[in-house]
A.B. asks: 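Structure below; questions to follow.
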Number of protein chains: 2
Amino acid sequence: MPKDSFYTELHEKMARYSKALSHPARIYIMDFLIRNTSKCCYSGDMAEELPIARSTLSQHLKELKNAGLIQGEINPPYIRYCINRDSWEEAKRMFSEFLNQ
Amino acid sequence: MPKDSFYTELHEKMARYSKALSHPARIYIMDFLIRNTSKCCYSGDMAEELPIARSTLSQHLKELKNAGLIQGEINPPYIRYCINRDSWEEAKRMFSEFLNQ
DNA sequence: TTTGTATTTCGCAAAAATACGAAATACCGT
DNA sequence: ACGGTATTTCGTATTTTTGCGAAATACAAA
């Protein structure tokens, strides 16, 4: 079913990525994951640094996951999060084209 | 008064710019303004293309203005909008650093 | 001074985002 | 089977965003 919208797929996608990054906690999380690609990044690692409840952090992680920017590798009871490289590359490309056109 | 927040100025700013771009209509507007730097860009020009009420468009313009991304040159009854080059350059720099770190 | 034009502001309603604590989940070690 | 641990989901409250039409604004032209 083709997207029934006035806006282009590109515009919708840009807006979706932007929205995912529109909260300082989520910027923090992405920053954390980017700077620690080698480390295991558990929810708890970030929860210790961030001044928000664990359930709230969990929601932010879910939103980033829904936007496709991150993924969680389940290893109960831990969940190791990391950047979704494909989406991240796409986001990079789109932002860079948009910003530098 | 120093910002009393856990997050850095940079993170706050990134989130603010992202939020400004978190709606397809606002992506559309920015795109329009970027592609028409030579033209006069009146609210009405965009209102004719966008499938939203003029008052709604006006609100989106206000948000982009509040985020510092655009500015309006008043020439009643017209208002000519354009990219705020300084902020735009800053946003470019910040996004590119963030995305490519 | 009245009329017209482009745009914004106001007032409101509906939807979405944000946040928390409590409860649920899912596995491990004992 | 029973706790212990890390994390998520649920229920709920508050705030913010989005959207519209009607009214207001501000100037130009007649």
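Lettering follows sequence order; numbering is per chain, from 1. The analysis underlying the following values was restricted to heavy atoms, covering all of them including side chains, and did not include hydrogens, waters or symmetry mates.
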A.B. asks: Hey, does the side chain of R80(A) reach the backbone of S43(A) with a donor-acceptor pair shorter than 3.5 angstrom?
C.D. replies: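 Looks like no, no N/O pair under 3.5 Å.
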A.B. asks: With the side chain of E63(A) defined as its heavy atoms from C-beta on, choose the nearest nucleotide among dC20(C), dG19(D), dT18(C).
C.D. replies: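 Of all the options, the side chain of E63(A) is nearest to dT18(C).
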A.B. asks: Please report the distance, rounded to the nearest Å, between CZ in R16(B) and C1' in dT16(D).
C.D. replies: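 Answer to the nearest Å: 16 Å.
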A.B. asks: Could you give the NE2-to-C1' distance, from H23(A) to dA16(C), as a whole number of Å?
C.D. replies: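 H23(A) atom NE2 is separated from dA16(C) atom C1' by 14 Å.
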A.B. asks: Out of dC20(D), dT18(C), dG21(C), which has the shortest distance to the side chain of A53(A)?
C.D. replies: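 Ranking dC20(D), dT18(C), dG21(C) by closest atom to the A53(A) side chain puts dG21(C) first.
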A.B. asks: Write down the distance between CG (L50(B)) and P (dT18(D)), rounded to a whole number of angstrom.
C.D. replies: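 After rounding, the gap between these two atoms is 14 Å.
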A.B. asks: If you only use heavy atoms from C-beta on, which nucleotide in dA17(C), dC10(D), dT7(C) is closest to the side chain of S43(B)?
C.D. replies: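 Among the listed nucleotides, the one closest to the side chain of S43(B) is dT7(C).
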A.B. asks: I want to check one thing: is the phosphate of dC20(C), taken as OP1 and OP2, less than 4.0 Å away from some side-chain N or O of T56(A)?
C.D. replies: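 For T56(A), the contact criterion (side-chain N or O under 4.0 Å from OP1 or OP2 of dC20(C)) is met.
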A.B. asks: Nearest whole angstrom, please: distance from the P of dA16(C) to the CG of N66(A).
C.D. replies: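 After rounding, the gap between these two atoms is 14 Å.
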A.B. asks: Among the nucleotides dT7(D), dA22(C), dT18(D), which one has an atom lying closest to any side-chain atom of Y81(A)?
C.D. replies: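 The nucleotide sitting nearest to the side chain is dT7(D).
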A.B. asks: In this structure, how many angstroms lie between the P atom of dA6(C) and the CG atom of D45(B), rounded?
C.D. replies: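 After rounding, the gap between these two atoms is 10 Å.
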A.B. asks: Is there a donor-acceptor pair closer than 3.5 Å between any side-chain N or O of S22(B) and the backbone N or O of K19(B)?
C.D. replies: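 Flag set: sc S22(B) to bb K19(B) pair under 3.5 Å.
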A.B. asks: Name the nucleic acid region contacted by L57(A), choosing base, sugar-phosphate or nothing; use a 4.0 angstrom heavy-atom cut-off, strictly under.
C.D. replies: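 No contact at all - L57(A) keeps every heavy atom at 4.0 Å or more from the nucleic acid.
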A.B. asks: Write down the distance between CD1 (I27(A)) and C1' (dT18(C)), rounded to a whole number of angstrom.
C.D. replies: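 Interatomic distance, CD1 of I27(A) to C1' of dT18(C): 16 Å.
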A.B. asks: Which of parallel (below 30°), tilted (30 to 60°) and perpendicular (above 60°) describes F6(A) and Y28(B)?
C.D. replies: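 Plane angle between 30° and 60°, so tilted.
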A.B. asks: Output yes when at least one side-chain N/O atom of H60(B) is less than 4.0 Å from OP1 or OP2 of dG19(D), else no.
C.D. replies: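 Yes, because at least one side-chain N or O of H60(B) sits under 4.0 Å from OP1 or OP2 of dG19(D).
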A.B. asks: Shortest non-hydrogen contact from A20(A) to A67(A)?
C.D. replies: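 Closest pair (atom of A20(A), atom of A67(A), distance): CB-CB, 3.6 Å.
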A.B. asks: To the nearest angstrom, how far is M46(A) atom CE from dT8(D) atom P?
C.D. replies: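 Result: 9 Å.
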A.B. asks: Looking at the side chain of K19(B), which of dA22(D), dC20(C), dT17(D) is the nearest nucleotide?
C.D. replies: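 For the K19(B) side chain, the nearest candidate turns out to be dT17(D).
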A.B. asks: Taking CZ from R54(B) and P from dC20(D), how many angstroms apart are they, rounded to a whole number?
C.D. replies: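 My rounded result for the distance is 13 Å.
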A.B. asks: Step by step, would you call T56(A) with H60(A) a side-chain contact (heavy atoms from CB on, under 4.5 Å)?
C.D. replies: CA-CA 6 Å; T56(A) 305; H60(A) 284 307; 4.0 Å; yes
A.B. asks: Go through dC20(D), dT8(D), dT18(C) for me and flag the one nearest to the R26(A) side chain.
C.D. replies: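 Selected nucleotide (nearest to the side chain): dT18(C).
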A.B. asks: Go through dT9(D), dT18(C), dC20(D) for me and flag the one nearest to the Q59(B) side chain.
C.D. replies: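 The closest nucleotide is dC20(D).
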